Amino acid sequence: GVGRQQPEETPRGRDLSVNLTLTLGEAVFGTKREVQIRRYDTCPSCHGTGAAAGTSPVTCTTCGGTGEVRQVQNTIFGRVVTAGVCPKCRGEGRVIDSPCTSCKGSGIVKGDRTIEVTIPAGVDTGMRVRIAGQGDAGKRGGQAGDLYLFVSVQADARFERQGSLLYHTVQITPAKAALGTTV
């Protein structure tokens, strides 16, 4: 026999990315920055369930909550069981009879959001900083995706950067070089 399959997991939200330009000082010492992103958040009207107020999703009657439908065929070789995604609930195992009007049953709504992010010390151009859970919200209560910051560091004419070291060229007179000086 074929084992009973559990309904599909609630879909995880998409990861998002933002390009972030930092000054050399911010890159070397780390910083906190406010970043504006456009993302899907949990619908405030239905709290992510996708169902209208006063209602809730119900178990799919077509698949009995398994998320799949099975067909049994008798052939000359014996019984053949085929399974596929339930067409009524699309593999979720539950259906929403009265969808939320704000999110049309998805459980998420799109909007602009400003979040504060912490940039660790020592980042450099081309590095990627992951901010967990700040991507799109997952549909109907699914886990949120992540936000990736792609770092670009502005050049600073005063310093040359080689890895984690900063170099600064200072011009002094030969006399100061021979006698010593504080710059």
Side-chain angles (χ1 to χ4, degrees), residues 5-51 57 67 85 90-94 96 99-100 102-183:
Q5 183 177 335
Q6 294 298 315
E8 284 186 12
E9 289 184 22
T10 309
R12 182 179 182 272
R14 286 184 318 139
D15 292 337
L16 301 177
S17 63
V18 171
N19 293 325
L20 188 63
T21 302
L22 302 174
T23 65
L24 183 60
E26 289 173 324
V28 170
F29 299 110
T31 188
K32 289 190 178 195
R33 272 289 200 70
E34 286 192 343
V35 176
Q36 188 169 16
I37 55 174
R38 187 161 181 77
R39 73 175 186 196
Y40 283 102
D41 281 315
T42 300
C43 176
S45 299
C46 67
H47 307 289
T49 66
V85 175
R90 297 187 189 108
E92 292 184 23
R94 58 188 184 149
I96 298 170
C100 170
S102 298
C103 65
K104 297 177 180 55
S106 69
I108 55 176
V109 289
K110 195 161 204 170
D112 292 323
R113 191 63 94 106
T114 301
I115 60 170
E116 186 176 69
V117 295
T118 301
I119 308 300
V123 296
D124 202 352
T125 296
M127 288 185 173
R128 183 176 76 165
V129 177
R130 177 177 166 258
I131 311 296
Q134 292 295 333
D136 281 342
K139 289 185 177 180
R140 289 184 285 290
Q143 180 184 1
D146 298 330
L147 173 65
Y148 289 94
L149 306 173
F150 289 92
V151 175
S152 168
V153 181
Q154 294 173 337
D156 189 320
R158 298 170 300 165
F159 298 98
E160 179 185 339
R161 183 175 186 179
Q162 292 181 3
S164 61
L165 301 175
L166 293 178
Y167 294 94
H168 179 64
T169 303
V170 178
Q171 299 211 352
I172 57 174
T173 64
K176 287 183 181 180
L179 301 173
T181 186
T182 300
V183 177

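Worth knowing before you read on, the calculation uses all heavy atoms, side chains too, and leaves out hydrogens, waters and symmetry mates. On a predicted model such as this, the values are computed, not experimentally measured, just so you know.
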Side chain to side chain, Ile37 and Val18, heavy atoms closer than 4.5 Å: yes

Set of residues satisfying side chain to side chain donor-acceptor pair (under 3.5 Å) with respect to Ser17, sequence neighbours excluded: none

Main-chain N/O of Arg113 paired to Arg39 side chain as donor or acceptor, under 3.5 Å: no

By side chain to side chain donor-acceptor pair (under 3.5 Å) - contacts of Asn19 (at least two apart): none

Qualifying residues under side chain to side chain donor-acceptor pair (under 3.5 Å), relative to Arg128, sequence neighbours excluded: none

Rounded distance [0.5 Å steps], CZ in Phe29 versus CG in Leu22: 13.5 Å

Contacts of Asp136 that satisfy side chain to side chain donor-acceptor pair (under 3.5 Å) - sequence neighbours left out: Arg14

Nearest non-hydrogen partners of Arg33 and Thr21, listed with the distance: NH2-O, 3.1 Å

For Cys103 against Val109, the heavy-atom pair lying closest together: CB-CG1, 3.9 Å

Nearest-0.5 Å distance that lies between atom CD in Gln134 and atom CG in Leu16: 10.0 Å

Between CE on residue Met127 and CD1 on residue Ile119, distance to nearest 0.5 Å: 12.0 Å

With a 3.5 Å cut-off and sequence neighbours excluded, list the donor-acceptor pairs that the side chains of residues 144-154 form with protein atoms.
residue : atom : partner : partner atom : Å
Asp146  : OD1  : Gly133  : N            : 2.9
Asp146  : OD2  : Arg12   : NH2          : 3.3
Asp146  : OD2  : Arg130  : NE           : 2.9
Asp146  : OD2  : Arg130  : NH2          : 3.2

Pair Leu179-Thr181, side-chain contact (heavy atoms from CB on, under 4.5 Å): steps then yes or no: CA-CA 7 Å; Leu179 301 173; Thr181 186; over 6 Å; no

NZ (Lys110) with more than 12 external heavy atoms under 6.0 Å: yes

Side chain to side chain contact (heavy atoms under 4.5 Å, CB included) partners of Thr118, counting only residues at least two apart: Lys32

Atom of Ala121, atom of Val28 and distance for their closest heavy-atom approach: CB-O, 3.3 Å

